[in-house]
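So you know, we letter chains A, B, ... as the sequences are listed, proteins then strands, and number each from 1.
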Amino acid sequence: MKRYDPKSIEPKWQQIWDEKMAFEVAVDPTRTKTYASGMFPYPSGAGMHTGHAFSWAIVDAIARFNRGHGHNVLNPMGWDTFGLPAENYAIKTGTAPAAATATNIANFKNQFKRMGVSIDWSREINTSDPRYYRWTQWIFTKLFERDLAYQKESMQWWCDIDKTVLANEQVVNGKCWRHDGPDDPLISKKNITQWFFKITEYADTLLEEIPSLDWPEKIKTAQTNWIGRSVGAEVNFAVDGHDEIVTVFTTRPDTLFGATFLVLAPEHPLARQLATDDQRTAVEQYIDDAVKKTEMDRMNDTKEKTGVFTGSYAINPATGNKVPVWVADYVLYGYGTGAIMAVPAHDDRDRAFAEKFGLPIVTVINDQNSLVSSGEFDGLNANDARDAIVNWLAEKNIGTAKVTYKMRDWLISRQRYWGAPIPIIHCPEHGAVAVPEDQLPVVLPEVEDFAPKGDGKSALAHVEEWVNTTCPTCGQPAQRETDTMDGYACSSWYLLRFADPQNDDRAWDPERANYWAPVDFYVGGDHAVAHLLYVRFWTHVFHEMGLTSFKEPVKKLVYHGYINAEDGTKMSKSKGNVIDPLDIIDQGYGADALRTYVLFMGPVELDASWDSRGIAGVYRFLNRVWTLVQEYLDSDKSFTGNDDAVLHARHKTVRKVTNDFRRLSFNTSISALMEYVNDLYKYKVDGFSDEAWRNALEALVQCIAPLAPHMAEELWAQLSHETMVHETMWPEWDDALIVEDTMTIAVQVNGKLRATLELAKDTSDDEVKTQALAAENVARFVGDSEPLKVIYIPGKIVNVVVR
RNA sequence: GCGCGGGUGGUGGAAUCGGUAGACACGAGAGACUUAAAAUCUCUUGGCCGAAAGGUCGUGCGGGUUCAAGUCCCGCCCCGCGCACCA
């Protein structure tokens with residue numbers, strides 16, 4: 001009998017799949033397609049980690065399961081290679097990022113192959129390949145054409161360590177996302193001209209589509225909150241003795257009569273202007289401090305309110321009262337208008353501020369949620385009052401209904417070398433001009449020194465022969481943009497490129513993209529907001545451009561948990577508790593056990609802790625499958641006495657496993673297969689028959705194929721098949737064969753289980769009740785009295801209600 | 001503070017539509033095989049009482065709805081994640 005030896009069978013089948021290019025696919029409109037993908041990895045020097053193993057165990061199980069249902073399955077792989085780690089490594093070691101990246105890709109590719117993932121390798125892409133980033137740049141120029149890419153000077157988060165600006169999403173607890181350890185410094189802000197994508201223009205459409213997405217609620221609400229739509233009004237306040245007008249944004253126009261002061265953000269242009277002579281010094285001082293504080297700790301500051309009176313007064317347009325204008329850093333310049341009307345009676349922050357500085361508090365809404373002290377609006381319900389007051393403001397031309405968003409435009413400039421150059425030429429006469437399509441790609445020049453100089457520019461700025469060029473419009477000397485794009489730009493369209501990865505004439509052929517995409521299953525455990533919002537944003541734009549027939553790139557998002565270390569804490573190199581999936585394979589467990597184990601650990605969406613005994617248990621299970629098939633093959637197959645039981649177990653298991661795979665409940669489908677194998681072990685004691693057992697074992701092999709594909713191929717071949725298991729159709733079941741001829745009825749008295757009955761399936765309802773009451777233990781609890789009620793849920797339970 | 005998850009044996013988890021709580025696995029215990037160990041196989045395994053039959057308690061806590069609640073409703077507590085002075 002052959003022993004189960006993953007070390008020999010796994011490389012064997014990996015080689016066969018490779019040689020046959022077994023998972024290459026092409027557009028075929030006659031077949032249902034399934035597009036399954038993980039979030040393509042950043043190929044770090046450290047190689048694959050358990051998170052990758054988990055993601056692709058899920059992706060591959062889905063891919064192989066759907067292939068078994070005759071689907072044309074796209075399961076691609078690519079590399080998200082631009083970014084800081086490669087560049088920082090280059091600065092440290094002098095190795096060119098491209099060279100280090102190539103080495104890492106080779107390593108990752110080998111590791112994915114050793115996992116046995118059924119990838120179409122002909123579609124491999126790499127975001128730092130000019131053949132790819134040419135089209136990233138092309139998309140930039142299209143956004144630029146449509147006014148969705150623009151430059152503006154603004155205060156931006158600045159990482160002193162990496163010497164680059166950061167997007168809001170890359171700021172974690174006031175620190176750079178790449179340097180957010182306890183000893184790392186807080187980030188600061190710098191005023192620079194930057195490129196932005198106008199994602200805010202798509203806030204509403206991105207929001208509208210969220211309910212229709214088959215995504216986890218968690219991610220959907222995270223995106224909803226991130227977009228942060230608020231409906232309210234802008235109100236103009238005249239300033240007493242000035243021509244200036246302060247425009248505030250409020251979500252509570254109904255509380256206008258209770259606005260007893262105004263607050264400006266320190267950065268607000270009027271903050272200094274409105275300072276009266278006797279307040280000027282204090283105001284200037286406060287603003288200077290606040291701006292510095294913004295740099296340091298406005299984010300994780302205590303919520304203690306600070307502020308300063310400008311000395312000026314505005315007029316509340318509703319009451320006609322003079323209300324003082326203050327400057328305080330609890331008002332953010334970047335949101336709304338950077339100015340608020342403070343209603344201390346009905347806003348906690350305004351109340352805290354008013355109490356601290358002795359400002360008046362006027363209640364304008366009572367316990368019945370109706371307006372008081374609000375002139376003609378008194379008695380109106382607050383909800384109705386919102387509209388009424390906005391209408392009143394509009395009539396008087398001093399306010400309008402207004403919607404604002406927390407989301408800001410997407411800052412994409414990076415002052416770093418290792419990214420896709422922004423395809424713009426700055427001409428003294430024509431300003432920023434997009435590089436024409438026939439001059440793309442703007443190839444990243446090779447340089448000696450990758451390190452930013454701290455001058456706010458990338459290393460590209462020092463490559464004169466690259467920077468100096470001519471204007472595409474007038475041919476006069478001009479200079480290239482030296483910023484590169486945020487890596488998230490590269491990953492915002494790769495799912496579409498997978499549909500047509502070799503195309504050198506266009507980013508993709510819409511016909512191919514529309515066949516394969518949207519992605520049916522997108523698997524990952526990270527990027528709840530940033531990537532998953534950007535990829536949606538771009539696809540909405542592509543849809544408008546007629547490049548896709550759909551707005552939303554991802555139908556179902558499979559957002560899995562983290563695999564923690566054995567001690568339940570996060571794996572980290574410094575703690576030395578990292579599990580390397582390749583080690584697990586090499587230890588002799590093999591990829592099949594690794595894959596099956598990570599799926600058996602629990603529901604995919606939950607975090608789990610690695611358990612070295614757990615994988616041993618799964619290996620034991622696979623070993624039992626192997627041994628069972630060997631024993632069948634070695635037997636004389638002459639015993640037919642257990643055929644019915646074997647048949648029944650097979651149909652029941654196939655149904656359960658199929659349904660569980662469909663709802664991505666891998667852990668329960670694996671446990672069903674374990675039960676099946678346990679059952680077959682009991683039956684085999686009497687002996688094997690030929691046909692019933694062959695069918696039973698073939699179904700078993702087919703069912704484990706999405707989990708343990710190497711073993712499945714090997715056993716399938718041993719069961720003398722010419723075809724490979726991934727080319728076969730998924731086993732079917734017949735509900736009629738699952739039905740048992742007896743049923744188990746639980747009998748309760750007053751809701752407590754007292755007996756179980758084994759009755760023939762066709763027993764009449766009345767007969768079941770009679771039998772239930774007659775059961776010894778039941779009769780004892782019912783006693784002499786007549787039951788009040790006997791409830792029978794057919795085939796399941798009888799509940800006898802007494803007294 | 002707000003939002004979203006979650007809380008079930010010693011452990012990971014199962015219970016898909018309100019119907020036998022604890023499937024499956026790990027761990028533990030016992031046995032078989034073995035010179036021995038490993039591997040493998042078999043049995044037991046929520047707590048308490050009991051020789052057993054059986055009883056009793058039991059899904060974070062307190063109420064409620066129901067013939068019946070891990071599941072539904074109300075009020076709390078705890079843990080994780082996300083956002084966080086967004087007017």
Handout entry: Pairs satisfying side chain to side chain donor-acceptor pair (under 3.5 Å), at least one member in residues 557-569 of chain A, at least two apart
Key = A/Ser55-A/His560, A/Glu566-A/Ser612, A/Asp567-A/Thr569, A/Thr569-A/Lys575, A/Thr569-A/Asn577
Handout entry: Pairs flagged by side chain to side chain donor-acceptor pair (under 3.5 Å) wherever residues 335-348 of chain A is involved - sequence neighbours left out
Key = A/Ser230-A/Tyr335, A/Tyr335-A/Thr404, A/Asp347-A/Arg349
If you look at every strand shown and take non-hydrogen atoms under 4.0 Å, does [X] touch a base, only sugar-phosphate, or nothing?
X: A/Thr756; result: base
X: A/Pro216; result: nothing
X: A/Gly336; result: nothing

May I ask you to establish whether [X] and [Y] are in a cation-pi arrangement, using a distance under 6.0 Å from NZ or CZ to the six-membered ring centre and at most 45° from the ring axis?
X: A/Arg754; Y: A/Phe781; result: yes
X: A/Lys305; Y: A/Phe353; result: no
X: A/Arg624; Y: A/Tyr681; result: yes

Exercise for the section: Ignoring backbone atoms, establish whether A/Tyr335 has a side-chain N or O less than 4.0 Å from OP1 or OP2 of B/rA87. Expected result: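 So the side chain of A/Tyr335 is within the cut-off, an N or O lying under 4.0 Å from OP1 or OP2 of B/rA87.
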Exercise for the section: Check whether any side-chain nitrogen or oxygen of A/Ser230 sits under 4.0 Å from OP1 or OP2 of B/rA87, and answer yes or no. Expected result: yes
What integer number of Å spans the [atom1] atoms of [N] and [M]?
N: B/rC26; M: B/rG22; atom1: C1'; answer: 15 Å
N: B/rC4; M: B/rG9; atom1: P; answer: 26 Å
N: B/rU59; M: B/rU71; atom1: C1'; answer: 10 Å
N: B/rG10; M: B/rG5; atom1: C1'; answer: 26 Å
N: B/rG47; M: B/rC24; atom1: C1'; answer: 22 Å
N: B/rA21; M: B/rG70; atom1: P; answer: 8 Å
N: B/rG27; M: B/rU11; atom1: C1'; answer: 7 Å
N: B/rG1; M: B/rG12; atom1: C1'; answer: 34 Å

Distance in angstrom units between [X] [atom1] and [N] [atom2], rounded:
X: A/Leu673; N: B/rA25; atom1: CG; atom2: P; value: 12 Å
X: A/Leu532; N: B/rC83; atom1: CG; atom2: P; value: 14 Å
X: A/Glu675; N: B/rA15; atom1: CD; atom2: C1'; value: 12 Å
X: A/Asn225; N: B/rG1; atom1: CG; atom2: C1'; value: 13 Å
X: A/Tyr330; N: B/rC85; atom1: OH; atom2: P; value: 13 Å
X: A/Tyr597; N: B/rG13; atom1: OH; atom2: P; value: 10 Å
X: A/Met601; N: B/rU11; atom1: CE; atom2: C1'; value: 12 Å
X: A/Met407; N: B/rA84; atom1: CE; atom2: P; value: 14 Å

Can you sort out the partners of [X] under ring-ring contact (aromatic ring centres under 6.0 Å, His included), two or more places apart, ordered by chain and number?
X: A/Tyr202; result: A/Phe537
X: A/Trp215; result: none
X: A/Trp733; result: none

Taking only N/O atoms, report every protein-nucleotides 62-72 of chain B pair under 3.5 Å with atom names and distance.
residue	atom	partner	partner atom	Å
B/rC67	O2'	A/Asn799	ND2	3.1
B/rC67	O2	A/Asn799	ND2	2.8

Under a 3.5 Å cut-off for both distances, is [N] Watson-Crick or wobble paired, and to whom?
N: B/rC81; answer: B/rG3
N: B/rU35; answer: none
N: B/rG9; answer: none
N: B/rG62; answer: B/rC74
N: B/rG50; answer: none
N: B/rA69; answer: none
N: B/rU42; answer: B/rA30
N: B/rU16; answer: none

Completion exercise
Its contact letters, B for base, S for sugar-phosphate only and - for none at protein heavy atoms under 4.0 Å, make nucleotides 53-60 of chain B read -SSSS---
Practice task
Would you mind building the protein contact string for nucleotides 40-49 of chain B? One character per nucleotide, 5' to 3', B for base within reach (heavy atoms under 4.0 Å), S for sugar-phosphate only, - for untouched.
Solution key: SSS-------
Taking only distance into account, with no hydrogens and no angle test, what donor-acceptor pairs under 3.5 Å do side-chain atoms of residues 251-258 of chain A form with protein atoms, sequence neighbours excluded?
residue	atom	partner	partner atom	Å
A/Arg252	NE	A/Asp254	OD1	3.3
A/Arg252	NE	A/Asp254	OD2	3.3
A/Arg252	NH2	A/Asp254	OD2	3.0
A/Thr255	OG1	A/Arg252	O	2.8

Problem - A/Trp610 ring center near A/Tyr597 ring center (under 6.0 Å) - result: yes
Problem - Ring centers of A/Tyr488, A/Trp410 separated by less than 6.0 Å - result: no
Problem - Salt bridge present between A/Asp765 and A/Lys769 (N-O < 4.0 angstrom) - result: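 Looking at A/Asp765 and A/Lys769, the cut-off is not met.
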Fill in the blank from the handout: Note: for A/Ile670 and A/Ile340 on RNA chain B, the residue whose nearest nucleotide lies more 5' is A/Ile670
Completion exercise
Assign each of A/Thr250 and A/Ile219 the nucleotide of RNA chain B bearing its closest heavy atom; nearer the 5' end lies the nucleotide of A/Ile219
Exercise for the section: Spell out yes or no: do the side chain of A/Lys406 and the base of B/rC83 have one donor N/O and one acceptor N/O closer than 3.5 Å? Expected result: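 No pair found.
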Problem - B/rG9 glycosidic torsion: syn (within 90° of 0) vs anti - result: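 That one's syn.
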Handout entry: Assigned glycosidic conformation for B/rC17 [threshold 90° from 0]
Key = syn
Exercise for the section: Answer yes or no: is there a side-chain heavy-atom contact under 4.5 Å between A/Phe666 and A/Ile62? Expected result: yes
Exercise for the section: Would you indicate whether the side-chain heavy atoms of A/Val798 and A/Gln748 approach each other to under 4.5 Å? Expected result: no
Exercise for the section: Under 4.0 Å from any atom of RNA chain B, heavy atoms only: list the residues of residues 656-669 of chain A that qualify, in numerical order. Expected result: A/Lys656, A/Asp660, A/Arg663, A/Asn667, A/Thr668
Practice task
Among A/Lys761, A/His648, A/Lys652, find the residue that satisfies the side-chain contact (heavy atoms from CB on, under 4.5 Å) test when tested with A/Val739.
Solution key: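 It is A/Lys761; the other options fail the test.
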Practice task
With sequence neighbours left out, write down each residue that passes salt bridge (Lys or Arg N to Asp or Glu O under 4.0 Å) with A/Glu786, or none if nothing qualifies.
Solution key: none
Problem - salt bridge (Lys or Arg N to Asp or Glu O under 4.0 Å) partners of A/Glu631, counting only residues at least two apart - result: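 With sequence neighbours excluded, A/Glu631 shows a salt bridge (Lys or Arg N to Asp or Glu O under 4.0 Å) to A/Lys684, given in chain and number order.
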